[in-house]
Amino acid sequence: LLGGAGAGLVAGAAGGAVLGRAGAAASASAGQPGSGQVGGGQVPFHGPRQAGIVEPQQARVHLAAFDLLPGAGREELRTLLRRWSGTSARLGRGEPADEYESRIAADAGPCSLTVTFGFGATLFDKAGLAGLRPRALDPLPDFPEDAIDRARSDGDLWVQIGADDALVAFNALRVLQRQAAGTAAQRWQMTGFGRTPGATARPMTGRNLMGQVDGTNNPRPQDQDFAAKVFCGADEPGWLAGGSYVVLRRIRMLLDNWENLPEDRQERVIGRRKSDGAPLSGGGEHTAVDLAAQNADGTLAVPADAHVRVAAPASNGGAAMLRRGFSYHDGTLPDGSPDAGLLFLAFQADPRRGFVPVQRKLARGDGLSRFLRHEASGLYAVPPGAPEGGYVGQALLE
Ligand code: HEM
């Protein structure tokens with residue numbers, strides 16, 4: 001049951017059209033598993049790009065990292081990736097995974113499930129592949145004010161599971177965890193969320209836990225230079241051509257401080273209006289930000305330390321990335337503040353020309369940084385997608 005017309009179709013950058021969320025009508029097969037609008041959404045696992053990069057963000061995400069167990073090498077890694085890929089393809093079609101499945105997602109459709117795999121720098125030595133580790137995978141530098149917990153950072157293998165239903169997402173995580181047994185141990189796991197499709201009267205840019213419209217000025221698949229910004233070119237080792245790099249930052253928001261700030265000051269911290277995300281230089285949400293615009297009194301309309309000014313490609317030699325983060329909330333910390341924020345994820349062609357220069361600048365003091373703590377970090381090479389019958393990472397491992 002593929003999603004129907006219109007809204008779910010993401011064109012282009014993936015090398016063809018992929019069907020995202022189910023379209024308008026609950027079809028004639030209403031009553032069948034997954035025949036509802038959300039349940040029927042199907043994203044093909046196989047293709048030139050991995051799923052879970054250009055597709056609309058789902059309502060739920062699990063992120064996890066695994067480390068190879070002592071004694072596991074290239075052969076065991078190949079077996080695991082073959083298995084994980086086969087399972088992800090089946091679950092993405094709404095079929096049961098295998099004997100590891102425990103009916104958690106029974107009765108539901110695939111709910112736009114995507115599973116995305118990445119490789120951390122530490123994988124290559126362990127798998128006897130040191131010569132194929134790309135230079136861009138060198139560890140990220142330390143940034144001022146970082147408070148990174150290494151136990152919740154890094155890892156040999158990275159997995160992103162997105163779905164529009166929490167049970168479907170958990171089921172996929174659980175199956176992959178069980179299939180890893182004996183080969184790789186889970187290092188850390190995080191759960192995030194975004195807006196549920198259908199929650200707003202029309203499709204809209206989502207909001208983060210600070211209440212801001214977030215994602216407006218992302219590169220768009222229809223932009224001419226989209227692929228060059230997000231996907232690796234021929235300067236990478238051959239196995240990664242057409243792949244990407246993803247940076248993960250678990251960023252806690254100091255919400256008690258933020259929420260005490262009057263809305264007009266909150267808007268100056270970002271440089272956009274809270275109500276509709278429009279830039280303070282004028283226009284609507286999608287009007288280009290005019291960094292030179294001035295207020296009547298001659299001050300900058302978008303303040304000098306506004307997040308959108310400091311992060312903008314124009315301020316960073318063209319540095320660009322596709323942000324695809326999810327909110328998280330893991331209860332309350334001992335001091336009574338919410339353990340909540342953003343699982344920041346950014347896909348890019350080269351982190352040395354994307355995330356690193358931008359974060360260097362932000363950490364030196366954009367207006368937003370004083371309301372944030374970066375608490376975990378990861379950088380992973382995201383191989384290209386697997387063709388039908390193949391598995392993710394095949395070009396590296398065979
Ligand atoms: C833009 C929020 C962290 C890079 C924005 C916008 C918001 C926002 C509301 C404006 C709307 C948009 O274009 O999406 C946040 C929050 C963060 C965070 C709440 C942390 C919790 C970061 C980090 C980076 C980053 C760590 C990269 C190092 C960008 C970029 C833009 C942007 C490149 C677009 C700027 C432009 O060209 O207009 N962010 N952001 N952000 N942010 Fe962040």
Side-chain angles (χ1 to χ4, degrees), residues 45 50-53 60-92 97-98 100-102 104 113-130 132-134 137 139-140 148-163 169-192 239-240 243-250 326 328 343 345 347 375-383 385-386 391-394 396-397:
F45 176 78
Q50 286 198 66
I53 303 174
R60 174 62 59 133
V61 77
H62 294 297
L63 306 176
F66 294 80
D67 288 334
L68 287 185
L69 289 168
R74 181 170 174 167
E75 193 53 49
E76 291 76 16
L77 177 61
R78 187 188 296 152
T79 305
L80 177 60
L81 286 169
R82 199 183 282 132
R83 218 165 170 198
W84 272 359
S85 294
T87 296
S88 303
R90 276 193 298 282
L91 290 175
D98 56 13
Y100 286 92
E101 190 155 351
S102 148
I104 298 164
L113 177 78
T114 58
V115 183
T116 320
F117 299 104
F119 300 158
T122 47
L123 180 72
F124 293 79
D125 279 348
K126 294 186 193 172
L129 297 163
L132 290 169
R133 176 160 56 84
L137 211 47
L140 294 175
I148 304 297
D149 173 5
R150 297 282 29 141
R152 288 198 297 182
S153 300
D154 310 318
D156 297 345
L157 291 163
W158 172 78
V159 184
Q160 171 192 252
I161 297 166
F170 179 83
N171 180 59
L173 174 68
R174 193 64 203 129
V175 174
L176 298 188
Q177 285 171 333
R178 294 179 71 188
Q179 291 182 340
T183 305
Q186 189 173 284
R187 180 182 173 87
W188 55 255
Q189 191 258 310
M190 301 175 193
T191 295
W239 67 267
L240 190 53
S244 185
Y245 289 91
V246 67
V247 169
L248 158 71
R249 305 287 283 186
R250 180 184 170 102
F326 293 83
Y328 73 89
L343 301 175
L345 292 169
F347 293 88
E375 295 188 337
S377 176
L379 168 64
Y380 313 93
V382 178
Y391 63 92
V392 170
Q394 192 163 1
L396 173 67
L397 292 162

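Because the structure is predicted, anything quoted here is derived from the model rather than measured.
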Partners of R250 by side chain to side chain donor-acceptor pair (under 3.5 Å), sequence neighbours excluded?
->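 Partners of R250 by the side chain to side chain donor-acceptor pair (under 3.5 Å) criterion, ordered by chain and then number, come out as D330.
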Partners meeting side chain to side chain donor-acceptor pair (under 3.5 Å) with D156 (sequence neighbours left out) | T122, K126
Measuring only between side-chain heavy atoms, which start at C-beta, is [X] closer than 4.5 Å to [Y]?
X    : Y    : result
L157 : L77  : yes
L81  : W84  : yes
Y391 : L397 : yes
T116 : V246 : no

Given E76 and L69, is the side chain to side chain contact (heavy atoms under 4.5 Å, CB included) satisfied, shown in steps?
-> CA-CA 10 Å; E76 291 76 16; L69 289 168; over 6 Å; no
Quick one: [atom1] on [X] to [atom2] on [Y], what's the gap to the nearest 0.5 Å?
X    : Y    : atom1 : atom2 : value
L91  : I161 : CG    : CD1   : 9.0 Å
E101 : Q179 : CD    : CD    : 10.0 Å
W158 : L123 : CH2   : CG    : 14.5 Å
W239 : L129 : CH2   : CG    : 9.0 Å
S153 : R187 : OG    : CZ    : 7.5 Å
L396 : F124 : CG    : CZ    : 5.5 Å

Which pair of non-hydrogen atoms, one from [X] and one from [Y], has the smallest distance, and what is that distance?
X    : Y    : value
Y245 : L240 : OH-CD2, 3.3 Å
A51  : T114 : CB-CG2, 3.8 Å
G92  : L113 : N-CD2, 3.9 Å
A64  : L173 : CB-CD1, 4.3 Å
R152 : M190 : O-CE, 3.4 Å
L80  : A184 : CD2-CB, 4.3 Å

Determine, stepwise, if the pair V392 / V115 fulfils side chain to side chain contact (heavy atoms under 4.5 Å, CB included).
-> CA-CA 11 Å; V392 170; V115 183; over 6 Å; no
Indicate yes or no for a side-chain donor-acceptor contact from R60 to the backbone of A163 under 3.5 Å, with no hydrogens or angles considered.
->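 The answer is no, because no donor-acceptor pair under 3.5 Å joins these two groups.
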Mark yes or no for whether Q50, through its side chain, and F117, through its backbone, hold a donor-acceptor pair below 3.5 Å.
->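 Yes: the side chain of Q50 pairs with the backbone of F117.
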Residues at least two apart in sequence or cross-chain that pass ring pair (Phe, Tyr, Trp, His ring centres under 6.0 Å) with F45, listed by chain then number, are none
Apply side chain to side chain contact (heavy atoms under 4.5 Å, CB included) to the pair F326 and T191, showing each step before the final yes or no.
-> CA-CA 9 Å; F326 293 83; T191 295; over 6 Å; no
Starting from the C-alpha separation in whole Å, work towards a yes-or-no answer on side chain to side chain contact (heavy atoms under 4.5 Å, CB included) for L176 and H62.
-> CA-CA 12 Å; L176 298 188; H62 294 297; over 6 Å; no
